[in-house]
Engineer: 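Okay, here's the structure, questions in a sec.
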There are 4 protein chains.
Amino acid sequence: MANVAIIGATGYGGVELIRLLHTHPQVRLSYLSSDTYAGQRVCDVYPHLAAVELPLEKRDPAAAGECDFVLLAVPAGGAMEVVPDLAEAGARVVDVSPDFRLREAALYPRWYKFEHTCPEFLREAVFGIPEWHREKIRSARLVAAPGCYPTAVLLALSPLVAEGLIEPNDIIVDGKTGISGAGRTSLRLDYHFPEADADVATYRVGGHRHLPEMVQELSGLAKAEVRIAFAPHLVPMARGILLTVYARPTAGSGAAELRDCLRSRYEGEPFVHVLPEGKWPHTKWATGTNNCFLAVGDDNSTGRVIVVSVLDNLGKGMAGQMVQCLNLMMGVEESTGLAVPAAYP
Amino acid sequence: MANVAIIGATGYGGVELIRLLHTHPQVRLSYLSSDTYAGQRVCDVYPHLAAVELPLEKRDPAAAGECDFVLLAVPAGGAMEVVPDLAEAGARVVDVSPDFRLREAALYPRWYKFEHTCPEFLREAVFGIPEWHREKIRSARLVAAPGCYPTAVLLALSPLVAEGLIEPNDIIVDGKTGISGAGRTSLRLDYHFPEADADVATYRVGGHRHLPEMVQELSGLAKAEVRIAFAPHLVPMARGILLTVYARPTAGSGAAELRDCLRSRYEGEPFVHVLPEGKWPHTKWATGTNNCFLAVGDDNSTGRVIVVSVLDNLGKGMAGQMVQCLNLMMGVEESTGLAVPAAYP
Amino acid sequence: MANVAIIGATGYGGVELIRLLHTHPQVRLSYLSSDTYAGQRVCDVYPHLAAVELPLEKRDPAAAGECDFVLLAVPAGGAMEVVPDLAEAGARVVDVSPDFRLREAALYPRWYKFEHTCPEFLREAVFGIPEWHREKIRSARLVAAPGCYPTAVLLALSPLVAEGLIEPNDIIVDGKTGISGAGRTSLRLDYHFPEADADVATYRVGGHRHLPEMVQELSGLAKAEVRIAFAPHLVPMARGILLTVYARPTAGSGAAELRDCLRSRYEGEPFVHVLPEGKWPHTKWATGTNNCFLAVGDDNSTGRVIVVSVLDNLGKGMAGQMVQCLNLMMGVEESTGLAVPAAYP
Amino acid sequence: MANVAIIGATGYGGVELIRLLHTHPQVRLSYLSSDTYAGQRVCDVYPHLAAVELPLEKRDPAAAGECDFVLLAVPAGGAMEVVPDLAEAGARVVDVSPDFRLREAALYPRWYKFEHTCPEFLREAVFGIPEWHREKIRSARLVAAPGCYPTAVLLALSPLVAEGLIEPNDIIVDGKTGISGAGRTSLRLDYHFPEADADVATYRVGGHRHLPEMVQELSGLAKAEVRIAFAPHLVPMARGILLTVYARPTAGSGAAELRDCLRSRYEGEPFVHVLPEGKWPHTKWATGTNNCFLAVGDDNSTGRVIVVSVLDNLGKGMAGQMVQCLNLMMGVEESTGLAVPAAYP
């Protein structure tokens, strides 16, 4: 039984962590911080968590650091403020902010508009996709869990790029996301129900902050510079991401080869499911879970292959993956607390 | 470890049962029948249940009857066809069809347009709301779990009627339901996405089939004839029920007394949550769970009290409640497999 | 051709007025004010109004007052600040704020938390439902158009109360509204897409500000005190209101009599449609239009009648009705600019 | 005043035509056919069209052919059955089925699984996008209006391909459509509200029937073979299409040049709106209208340009465009009956 802290416990990521960990047989939630609701209990802020009577406290790295593990569900720039103290206190950390995902400190001013204050941790941080970095995560002091879009892209493309099955410099990624990806405190007109309902729109074309971590990870596997054209879209649903990738297969390969590659790479993985030919995934299949669904098909007109990747932005794209990492770090069965499939429909 | 069968495993109720029981520590799913998909596996029909490779079989009461428990998730008229055989085989049954919910066989032709073929089971069947019939359920051979609307009404009103706090003959119930309540194979234009989205409509005013079981159960508690004006509405969401009850309090009572009554009646119940004054429940709080949320307020203009009841029509209104009954019948902790709160938002 | 001003042109009511009036053959939009967007053009703020290149100006009653007609689409308390100046300037006003809807100045501190600053206009203001006050509206200097809920209630119940067909002191109104009713600048968490989607909830039980105007108007017709239990609900759709009324018919009447009463009262009215027995309206039928649909049925269990009223909260519940009033005041055909039916689905 | 017939008047396209034409000042709806509802009136089938008391008749080309114009809103294969008779009767036709959109009769067996029965009309038919074939439409006997996806693609890409600003053989089109595109009588599980709500999914990858008409029209302009990778997606909204095009600009061009090209090509067009740099369109802007919104941006990572095209699949993608064509054929102002902007939100 491990003592676990959550910093940022009342955002959408934090509350999903509470949901998953409250009934986790190996976890005791020992410290929950919330800037907005400190002083209240979880069940007061979120009445649907009626059984979670735990108190919400002011952010205090010292108190959190007394726990065995600290889960950081804070916005960009919030994690680097507390990680050095937590590390010194001996806590092991899973961070879902972008603060430790990029290897190059110089990328932070460009993409996130801040100077990194503890770049010495960038080399140490383990990129938190268990399917690719399982062993390092087990012993890591600091895990940097990727964002929702990068997880969906990397699960789909890492095997293909690593095996040289697609051209690395001509990848198109069209993203469709549910609106919880924007967070809870971001009350912009774009997310106001009357405007967002029955609507689809493109946003941040070519400049989404999640792009550099996709490029970094894939380039490492490709041993070549990866180039991605990425346009994300807002879709009228609360949760879920569907990515449609249009890639150019290298000579001699096509959908069948790519599908085989994904199948053999993810065989035995409990959370990554490669669909048979002709089946395409629905975001709803993953809602509320840590599952990712992948499918591949040929485009006969252009010779491209189309790869579709689906997951829940708050599940495998956030809290689910953090719990999966935590399970590895604790040395318990990796799917503990994550095995219930989606409520459908 | 009990062997459990599900008859009607691929409707929305059946698939929710599979979801809850696949990871249930005391249950082995031993037999699943599906009229539509016999011969396929669960994971072929519902790819989001990728881990459930169990076969779907033709309906065969003899095979089902070899299990310790049989869960019936079939339409009206389907359960009475198999219950006698199952009983003879020695299986214990939880049925969510209406076939054994009404005490009077004569009500079936009137409300369901069929003659009951085994009325001798009507007296034996235990009405499947654990909060009200827990002890009888533990030892029952046949449990008749109520429908989604009646569960929501009965959890809210049973204590008030039993204690004589509201007038029994002047109850108004305005229901709002998500569309999964209509089932999966019912592909009517009313449920076609383009028509149902961004729309609210009243349906079956005064003649909803769920009315007689509400009246039967409340009248038994009231020791008087209960009369309910009930108008259900279709709301553009997949899951969830919210009922708004307008009742006339008896002399000397009001929202405070009614709330106290509900509180004391449901104290210690894991799935029924009475909200404090001024808080009103959201259907989303219950989505995917076995929880029910209740709230009470005064209407100062007319002196009526307003009672709101919220649950998931496929959770506490269907599969969740069936599992809760099953747990009681198996003699395991009542909330086994039902403790994870709602994924929010 | 009349010169028309809109004050509050960029809220949801204002933009709907622009939509309807931009192509109105008898109207020249001469002055549009917007506190938020003054200095920009309509097409800059709302790109879907690409053809409306009109400038948005600071609120200036003197400039507005030079127009023949002024439409006020401002929040509570905003109209009484400008009406005296507009009246002095000789402009005729249609106001959709509550500022001139209540006859008793003393009701404003109680329901709206402000003292009325020009109560002398309260007697003069004509309540803006053309189907009931057509002649007075034609010559009015100040029309106070009712809110969305009251319009839906009054169109349904006014004939029944006036004819003594229902008991006036035991009326239950259950309201379901789309979320645009909350306005555009109200970026509360309740209207944040991830929270509002797939959700239904009760709000402001017993205390909705629209209650007193319903009671005032119906009591005048009933010549008795009308009492209404009113609980509004938020439903996941952008537009539309559906009200379900549970009323007690007076001796000898029932749904058939009530339907006949509504039919004969609204015969020839272009915007009020009474449905035949057994048909119930959908909110979607009214979306984007000035139409109202009414239906009546018996509840056999309690002897009550159920009356359902449907309209678009921004159409007949707001901008459509304002234009209908404006047409009357201008002396043009009442349905000018309002005749196109709903886009369905 | 022209006599106009609609064949297929009660599908979603037909009912939208009725909506637009019922109040059209130059049109008399003289004949409406419906296979499903013959014998009823429009207002009985669609109560929201309460004012349209016109009868629905059995399909009878002779009766339709007596009208000046016939609008065909029938499924694939339904138009070629009646066009020869209509032509002989002297009626002029606007057809929105695919039956006369492809120049090569041989393409029909391949894409639509039928042999064309009157290929002699294929040469004569004018492709019904007024912005590109205005003069031919004015005098045409048979106009073949394109489908919703092709209209969105062709308005966006035709100028760019014609001017040689993008590479014709490496075009990626990612489509997102509302579900009304599937029609009304297609009650598949995919469109059942509980399954379609809160969900996004890819469908018919590489094999959508709309692909050949896109390729045909663009290839004609490019004077080279155009190749398009096209993956459509179903999005949980009733109406609207958003296409995201990833194209490779030819040497020396980029988003600025492409935007200028679109601007100058569509200057003065009432229904095509090119957005300024940095603005991206929302499908909701076009709902219920004949408008199309276009935007262009650079993808800095790959050097591609991203072009977004938005319209209403039942508006400019179907009925709106048919009315626009009809206006041209009648010789009236092209935007008659189409000028009201979208109801927002």
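Quick note on labels: first sequence line is chain A, next is B, and so on, each numbered from 1.
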Engineer: Counting only heavy atoms closer than 4.5 Å, note whether A/A238 contacts chain B via side chain, backbone, both or neither.
Structural biologist: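 For A/A238, side-chain heavy atoms alone lie under 4.5 Å from chain B.
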
Engineer: Give the atom names and distances for all donor-acceptor pairs closer than 3.5 Å across chain B and chain A.
Structural biologist:
| residue | atom | partner | partner atom | Å |
| --- | --- | --- | --- | --- |
| B/D44 | O | A/K279 | NZ | 3.2 |
| B/R239 | NE | A/P345 | O | 2.8 |
| B/K279 | NZ | A/D44 | O | 3.2 |
| B/P345 | O | A/R239 | NE | 2.8 |

Engineer: Among residues at least two apart in sequence or on other chains, which ones pass side-chain contact (heavy atoms from CB on, under 4.5 Å) with A/M318?
Structural biologist: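 Partners of A/M318 by the side-chain contact (heavy atoms from CB on, under 4.5 Å) criterion, ordered by chain and then number, come out as A/V96, A/L314.
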
